[in-house]
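The block underneath contains the structure these notes are about, expressed in C-alpha cells.
Please read these numbers as outputs of a predicted model, since none were measured by experiment. Each chain gets a letter, A, B and so on, in the order its sequence line appears, and its residues count up from 1.
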Amino acid sequence: MTIRVRYFASLREKMGRIEDTLVAEDIATVGDVWRVVSTGQPLPEQLLCAVNMEYAEASAPVKDGDEVAFFPPVTGGAE
Amino acid sequence: MTIRVRYFASLREKMGRIEDTLVAEDIATVGDVWRVVSTGQPLPEQLLCAVNMEYAEASAPVKDGDEVAFFPPVTGGAE
Amino acid sequence: MTVILCESEFSPYAELDAYQQGENAGRYGATAVFVGTMRDLNLGDEVAQMTLEHYPGMTERRLEQIVLEAQARWDLLDALVIHRVGAIKPGEAIVLVAVWTRHRGEAFAACRYIIEELKHTAPFWKKETIKDGERWVESNT
Amino acid sequence: MTVILCESEFSPYAELDAYQQGENAGRYGATAVFVGTMRDLNLGDEVAQMTLEHYPGMTERRLEQIVLEAQARWDLLDALVIHRVGAIKPGEAIVLVAVWTRHRGEAFAACRYIIEELKHTAPFWKKETIKDGERWVESNT
C-alpha cells in the first residue's frame with residue numbers, strides 16, 4: 001500500500017523534508033508509519049498525528065491511500 | 001436648606017414632573033426627601049436613589065445644595 | 001480610556017477602526033469587543049422603536065468608574081465604551097465595549113465585567129414602542 | 001458561518017463592517033468579538049516578524065468543525081473566523097473570531113470557546129524572527 005506522510009514546523013526541519021511517500025505492506029497503524037520514516041525511533045510523546053487531516057492516536061489504523069501527518073504541538077491563535 | 005430632587009423613567013411619569021426643588025429644614029436623609037416629595041409614602045423597595053450622582057441608601061445623609069435622584073431599576077446595556 | 005454617549009446611530013466597527021491608535025501597536029495581544037444591538041422582538045412582542053432615557057452626568061460618571069474598576073482589576077492597555085441614548089431602531093447598536101490587553105484571558109474578563117456592571121448600575125432606562133403603545137422595560141436580564 | 005485563511009494583512013473591523021448582513025438585522029442582540037494581534041515582545045525578546053505555518057486542508061477543516069461544535073452548543077445566528085498565515089509583523093491582526101447571538105451570555109461563551117479550541121487544536125505553528133535568528137514557539141499558553 002501507499003501512504004503519503006507529511007511533516008510540519010520544527011519536525012519538518014528536523015526531518016529535513018516536507019513529506020515521504022511510503023510504499024510498504026507491513027504497516028497497520030500510525031505508529032508503524034512513524035517507525036518506518038524515522039528508521040526505528042519510538043514516536044515522541046509530544047508529537048501529534050493526523051490521518052486524512054483528522055487527529056489520530058499512534059494506534060489508529062492506516063490503509064492504502066491515506067495521508068498521515070506528524071507535527072509538534074500547535075501554536076496558533078493569540079496569547 | 002435647598003435640595004434638588006430628580007425623577008427618571010417610569011417614576012418621572014408617575015410623579016408627573018421631572019424634578020422638585022425642596023426648601024425645608026427638617027430633612028436629614030434621602031428617606032426624608034422621599035417622604036416630603038411623595039407626601040408621606042414609604043420609599044418603594046425597588047426604587048433606587050442617588051445623592052450627587054452616586055448611588056446612596058435611604059439612610060444616607062443629605063445637606064444643603066445636594067442633588068437627590070430617585071429612579072426605577074436600570075435597564076441599559078444589552079440582553 | 002474613552003467613554004462616549006451618542007445621540008445618533010453609530011457604526012461600532014468604524015468607531016473601533018478609527019479608535020485604534022498607533023501608540024499601543026505591538027503592545028496589546030488581545031482585544032475583546034462586545035456590541036449590544038437592538039432586537040426587533042422582546043417578551044414576545046415586535047418592537048418598532050426604543051427610547052433610551054438616562055441621567056446626564058451620573059451616566060458618564062458611572063461609566064468612567066466602571067472602566068477604572070476594570071483597570072484596577074486587570075492590566076488594561078486601553079478601553080472604549082460607547083452607549084446610545086435617545087431613540088433607537090431595531091438593528092442599531094446600543095452599546096459597544098472594547099478592551100485592549102496583553103493576553104486574551106484578561107481581555108474577555110474585563111470586557112464581560114464592564115458590560116455586566118454597565119447593565120446593572122449605569123442609569124439607563126429603556127422604553128419600547130410596541131403595537132399597543134409604549135412600555136418601560138422593567139426587568140433586566 | 002464563514003472561515004477565512006488570509007495570506008496578507010487584514011483589517012478586522014473593516015472585515016466585520018463588511019460582513020454584517022442585513023438578513024440578521026433585528027434578530028441578534030449580542031456580538032462578541034476577539035482579535036488577537038501580534039506583539040513585539042515574547043518571552044522577553046523583541047520579535048521583528050513571525051511566520052505562521054499551517055496544514056492546508058486540515059486547518060480549514062478543523063476551523064469549520066470548531067464553529068460547528070460551537071453552533072451545536074449555543075444558539076449562534078452567525079460566526080466569522082479569519083486567521084492569518086505566512087509572514088506577520090508586530091501590530092498586525094493574527095486572528096479574528098466574531099459570533100452573533102440573541103443574548104450576551106452565549107456570545108461571550110461561544111467566542112471564548114472558538115478561540116480556545118482554535119488555539120489548542122488548529123494546525124498552526126509560529127516561528128519568530130528575533131535578534132539572534134529564528135525560533136519556533138513551542139509552548140502554547
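Rounded to the nearest 0.5 Å, atoms CD (B:Glu13) and NZ (C:Lys127) are 3.5 Å apart. Expressed to the nearest 0.5 Å, how far CH2 of C:Trp125 lies from CZ of B:Arg12 amounts to 9.5 Å. In this structure, C:Lys119 NZ and B:Thr75 OG1 are separated by 7.0 Å, a value rounded to the nearest 0.5 Å. One finds the CD atom of C:Gln65 at 12.0 Å from the CE atom of B:Met53 (value rounded to the nearest 0.5 Å).
Side-chain N or O atoms of B:Tyr55 include one that pairs as donor or acceptor with a backbone N or O of C:Thr121 at under 3.5 Å.
For the pair B:Phe71/C:Glu53, no side-chain contact is recorded, criterion being any heavy-atom separation below 4.5 Å from C-beta on.
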For residues 38-47 of chain B, which side-chain donor-acceptor pairs fall under 3.5 Å, sequence neighbours excluded?
| residue | atom | partner | partner atom | Å |
| --- | --- | --- | --- | --- |
| B:Ser38 | OG | B:Trp34 | O | 2.7 |
| B:Ser38 | OG | B:Trp34 | NE1 | 3.3 |
| B:Ser38 | OG | B:Gln41 | N | 3.2 |
| B:Ser38 | OG | B:Gln41 | O | 3.4 |

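Nearest heavy atom pair, residue B:Ala69 against residue C:Tyr55, reads CB-CE1, 3.3 Å. When all heavy atoms are compared, the tightest approach of C:Glu138 to B:Pro73 is O-CB, 4.4 Å. The two atoms that bring B:Asn52 and C:Arg61 nearest to each other are O-NH1, 3.2 Å, heavy atoms only.
Other residues, nucleotides and ligands contribute at most 12 non-hydrogen atoms within 6.0 Å of the CD1 atom of B:Ile18. Within a 6.0 Å sphere centred on CD of B:Glu57, heavy atoms belonging to other residues, nucleotides or ligands number 12 at most. Residue C:Glu46 qualifies as open at atom CD: its count of foreign heavy atoms under 6.0 Å is 12 or below.
Looking at C:Arg62, the atoms closer than 4.5 Å to chain B (heavy atoms on both sides) all sit in the side chain, from C-beta outward. With a 4.5 Å cut-off on non-hydrogen atoms, B:Ala50 touches chain C through its side chain but not through its backbone.
Residues of residues 19-31 of chain B lying within less than 4.5 angstrom of chain C, judged on heavy atoms, are absent.
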